[in-house]
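Just so you know, these numbers use all the heavy atoms, side chains as well, and skip hydrogens, waters and symmetry mates.
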Number of protein chains: 2
Amino acid sequence: MSSIETSPLTRKLRAFVAFSGPELAVLDRLHRRKRAFVPGRDLVQQGQSEQAAYILAEGWVCSYKVQPDGTRQIVDFQIPGDFLGLRSILLHTSDHSVEPIVSIQAAEVLIEDLLEAFSDTPRLAMAILWMASRDEAMVVEHLVGIGRRDAEQRMAHFLLELGARLTLVGMGSRAGYDCPLTQYHLADALGLSAVHVNRVLRKLREDGLVTFRDGRVTFLDHDRLVGLAQFDPAYLEHTGPLLK
Amino acid sequence: MSSIETSPLTRKLRAFVAFSGPELAVLDRLHRRKRAFVPGRDLVQQGQSEQAAYILAEGWVCSYKVQPDGTRQIVDFQIPGDFLGLRSILLHTSDHSVEPIVSIQAAEVLIEDLLEAFSDTPRLAMAILWMASRDEAMVVEHLVGIGRRDAEQRMAHFLLELGARLTLVGMGSRAGYDCPLTQYHLADALGLSAVHVNRVLRKLREDGLVTFRDGRVTFLDHDRLVGLAQFDPAYLEHTGPLLK
DNA sequence: CGACCTATTGAATTCTATCAATTCTCGTGG
DNA sequence: CCACGAGAATTGATAGAATTCAATAGGTCG
């Protein structure tokens with residue numbers, strides 16, 4: 001049995017699609033070009049063309065856009081098993097940057113690899129397309145959060161969503177999860193100032209809902225937090241692609 | 001020559017991909033199930049499963065999500081040539097609603113139609129996937145706008161983006177465009193209150209930048225507006241899918 | 001130890017929402 | 001023809017939310 005069967009991506013997709021041996025082999029091939037990255041050096045640069053995509057094997061990264069005036073907006077965080085830069089290779093140019101938050105391991109995927117994989121196994125293509133749609137649904141939910149929730153709800157919703165995603169890949173539970181993000185990351189993701197992030201976290205802590213401390217998110221009262229955030233995980237719990 | 005060759009979708013895709021006769025015929029088949037809708041009755045309902053997708057032939061619609069507390073966030077507006085609900089059929093359930101803003105014409109596309117079209121003409125599949133990526137890039141830009149721009153910049157950027165999109169399908173120019181949206185639509189899209197939308201529009205008008213009046217957006221000083229919004233249309237001007 | 005990053009808190013300011021009231025347009029029915 | 005009501009746009013006043021500026025403290029690393 002090859003080690004690929006336990007990769008986070010494979011693990012995630014297999015929750016929805018039963019792959020055949022040859023399909024697993026194709027997945028294996030996609031993982032062959034392993035590379036390591038450290039914080040401070042971007043995997044993908046906004047505005048660059050000829051980008052590769054990556055499958056994140058270990059660690060956390062964030063996708064963000066910077067504006068001409070220097071402010072930045074984090075669009076999404078990716079965790080092990082997530083695909084990075086799929087849109088970049090489709091559009092042949094990257095509209096965003098990708099930055100490692102901790103030291104990471106990622107498999108580089110060239111456009112040729114992907115086209116080859118897609119033509120070999122249409123089922124895999126469909127599974128990846130489905131995954132991309134799920135990611136887009138997450139971005140949409142993020143948009144709603146920033147547009148129509150106040151800072152406290154935004155934070156609560158964000159911490160809960162991250163928890164739900166991490167739980168899917170075995171890195172979290174209802175009790176909490178390890179989280180390498182700084183308050184500056186939260187600020188850039190939620191469209192708040194770092195100062196206000198700090199105040200909101202204090203309020204949530206003082207209200208006995210959740211703590212964010214020493215790289216760990218701890219849910220003190222999960223149910224009440226869900227109530228505050230009006231968190232509905234439906235958009236994360238899809239029934240999988242239409243593969244028999 | 002069939003009339004399909006002048007449909008907005010065909011027109012848009014042909015700007016990037018040269019289709020063969022059989023491929024045009026497949027596009028034609030996708031348009032066969034024409035339907036009409038009127039404002040007030042949603043095409044797609046949030047939470048519903050077994051949805052169809054649509055190709056918008058005429059008129060404007062918006063995609064939105066409503067939250068438990070009743071507030072709504074418009075995620076995107078669609079104009080002729082845009083695809084609606086592609087994600088809904090992929091995920092097999094809809095995470096958002098779609099509402100006609102004016103009376104519209106749309107071609108219903110069943111999941112079977114799409115799978116058939118994809119297997120018949122991979123190039124068309126790639127073109128549609130590319131288009132979906134472009135739409136996602138737009139949602140991302142929208143996210144950045146709400147997260148990191150103040151109300152005035154948000155409005156300016158939004159009006160410019162809409163103008164750029166409409167120009168692509170021949171419905172607008174640097175001078176302006178017809179626009180059936182109300183200030184309430186703008187508010188729900190930009191994450192502002194309707195009252196504040198009104199104030200912002202007044203300011204932009206008084207500053208001689210743009211007017212929003214009687215269903216028409218008129219750019220008074222396009223260049224200065226671009227400067228205010230820090231509008232960079234790069235994310236709309238892609239080189240097309242990787243088809244030879 | 002000092003440099004640097006992160007977290008924390010206070011005070012003043014700016015931005016945006018909410019509440020309330022008015023005007024305008026347009027279509028409907030009397 | 002006009003009164004009426006609905007939806008849309010407009011404006012003022014006030015309250016609330018979040019930002020900015022400024023300062024301090026804790027931790028880590030060389």
Who pairs with B:Gln67 by side-chain hydrogen bond (donor to acceptor under 3.5 Å, both in side chains), at least two apart in sequence or on another chain? B:Thr71
For A:Thr167 versus A:Ser173, what's the shortest heavy-atom pair and its separation? OG1-N, 3.6 Å
Side-chain N or O of B:Arg202 less than 4.0 angstrom from OP1 or OP2 on D:dT11? yes
Salt bridge between B:Lys34 and B:Glu108, side-chain N to carboxylate O under 4.0 Å? no
Paired with A:Leu143, the side-chain contact (heavy atoms from CB on, under 4.5 Å) test is passed by just one of B:Ile146, B:Asp76, B:Ile74, namely B:Ile146
Give every donor-acceptor pair under 3.5 Å between a side-chain atom in residues 78-88 of chain A and any protein atom, sequence neighbours left out.
{"from": "A:Gln78", "atom 1": "OE1", "to": "A:Ser63", "atom 2": "OG", "distance (Å)": "2.9"}
{"from": "A:Gln78", "atom 1": "NE2", "to": "A:Ser63", "atom 2": "OG", "distance (Å)": "3.4"}
{"from": "A:Asp82", "atom 1": "OD1", "to": "A:Lys12", "atom 2": "NZ", "distance (Å)": "2.7"}
{"from": "A:Asp82", "atom 1": "OD2", "to": "A:Ile79", "atom 2": "N", "distance (Å)": "3.0"}
{"from": "A:Asp82", "atom 1": "OD2", "to": "A:Arg165", "atom 2": "NH2", "distance (Å)": "2.9"}
{"from": "A:Arg87", "atom 1": "NH1", "to": "B:Glu136", "atom 2": "OE2", "distance (Å)": "3.4"}
{"from": "A:Arg87", "atom 1": "NH2", "to": "A:Asp95", "atom 2": "OD1", "distance (Å)": "3.1"}
{"from": "A:Arg87", "atom 1": "NH2", "to": "A:Asp95", "atom 2": "OD2", "distance (Å)": "3.0"}
{"from": "A:Arg87", "atom 1": "NH2", "to": "A:His96", "atom 2": "ND1", "distance (Å)": "3.4"}
{"from": "A:Ser88", "atom 1": "OG", "to": "A:Ser94", "atom 2": "OG", "distance (Å)": "3.2"}

By the 4.0 Å heavy-atom rule, please label A:Gly215 as base, sugar-phosphate, or nothing. nothing
Do side-chain atoms of B:Ser97 reach the backbone of B:Gln46 as a donor and acceptor pair under 3.5 angstrom? yes
For the backbone of B:Leu190 and the side chain of B:Arg154, can you confirm whether one donor and one acceptor N or O come within less than 3.5 Å of each other? yes
B:Asp214 has an atom CG; how far is it from atom C1' of D:dA9, in whole Å? 11 Å
Which residues in residues 175-189 of chain B have at least one heavy atom lying under 4.0 Å from any atom of DNA chain D? B:Thr182, B:Gln183
Just grab all the salt bridge (Lys or Arg N to Asp or Glu O under 4.0 Å) pairs involving residues 38-47 of chain A, residues at least two apart or on different chains. none
Check salt bridge (charged side-chain N to carboxylate O under 4.0 Å, His left out) between B:Asp69 and all other residues, then give those that pass, not counting sequence neighbours. none
Do A:Ser193 and A:His196 meet the criterion of a side-chain donor-acceptor pair at a distance under 3.5 Å? no
For nucleotides 21-28 of chain D, read 5' to 3', which letter fits each nucleotide if B means a protein heavy atom sits under 4.0 Å from the base, S means only the sugar-phosphate is that close, and - means neither? B-------
With a 4.0 Å heavy-atom cut-off, tell me which residues in residues 147-160 of chain B come close to DNA chain D, sorted by residue number. none
When you compare the side chain of B:Val66 with that of B:Gln73, does any pair of heavy atoms fall below 4.5 Å? no
Five pairs at each end of the helix from C:dC1-D:dG30 to C:dG30-D:dC1: take the axis at both ends and give me the angle between them to 10°. 30°
B:Ile104 side, atom CD1; B:Arg35 side, atom CZ - distance, nearest 0.5 Å: 10.0 Å
What is the distance, rounded to the nearest whole Å, between atom NE2 of B:His196 and atom P of D:dA15? 19 Å
Which part of the nucleic acid does B:Leu192 contact within heavy-atom distance under 4.0 Å: base, sugar-phosphate only, or nothing? sugar-phosphate
Over how many whole Å does the gap from B:Asn198 atom CG to D:dT10 atom P extend? 5 Å
Show me the donor-acceptor pairs within less than 3.5 Å that the side chains of residues 202-219 of chain B make with the rest of the protein, sequence neighbours left out.
{"from": "B:Lys203", "atom 1": "NZ", "to": "B:Asp207", "atom 2": "OD2", "distance (Å)": "2.7"}
{"from": "B:Arg216", "atom 1": "NH1", "to": "B:Asp178", "atom 2": "OD1", "distance (Å)": "3.1"}

Charged N to carboxylate O below 4.0 Å: is that the case for B:Glu141 and B:Arg149? yes
Below 4.0 angstrom, N of the basic side chain to O of the carboxylate: do B:Arg199 and B:Glu152 qualify? no
5' to 3' contact window, DNA chain C with chain A (heavy-atom distance under 4.0 Å): C:dT6 to C:dA11
Taken to the nearest whole Å, CG/A:Leu201 to P/D:dA18 is 13 Å
Would you give the length of the straight line joining atom CG of B:Leu162 to atom CZ of B:Phe158, rounded to the nearest 0.5 angstrom? 5.0 Å
With side-chain contact (heavy atoms from CB on, under 4.5 Å) as the criterion, how do A:Phe77 and A:Ile101 come out once you've worked through the C-alpha distance, each side chain's angles and the decisive distance to 0.1 Å? CA-CA 9 Å; A:Phe77 295 98; A:Ile101 289 169; 3.6 Å; yes
Near DNA chain D, counting only heavy atoms under 4.0 Å, which residues of residues 204-212 of chain A show up? none
Which residues pass the side-chain contact (heavy atoms from CB on, under 4.5 Å) test with A:Ala229, sequence neighbours left out? A:Ala156, A:His157, A:Leu160, A:Phe231
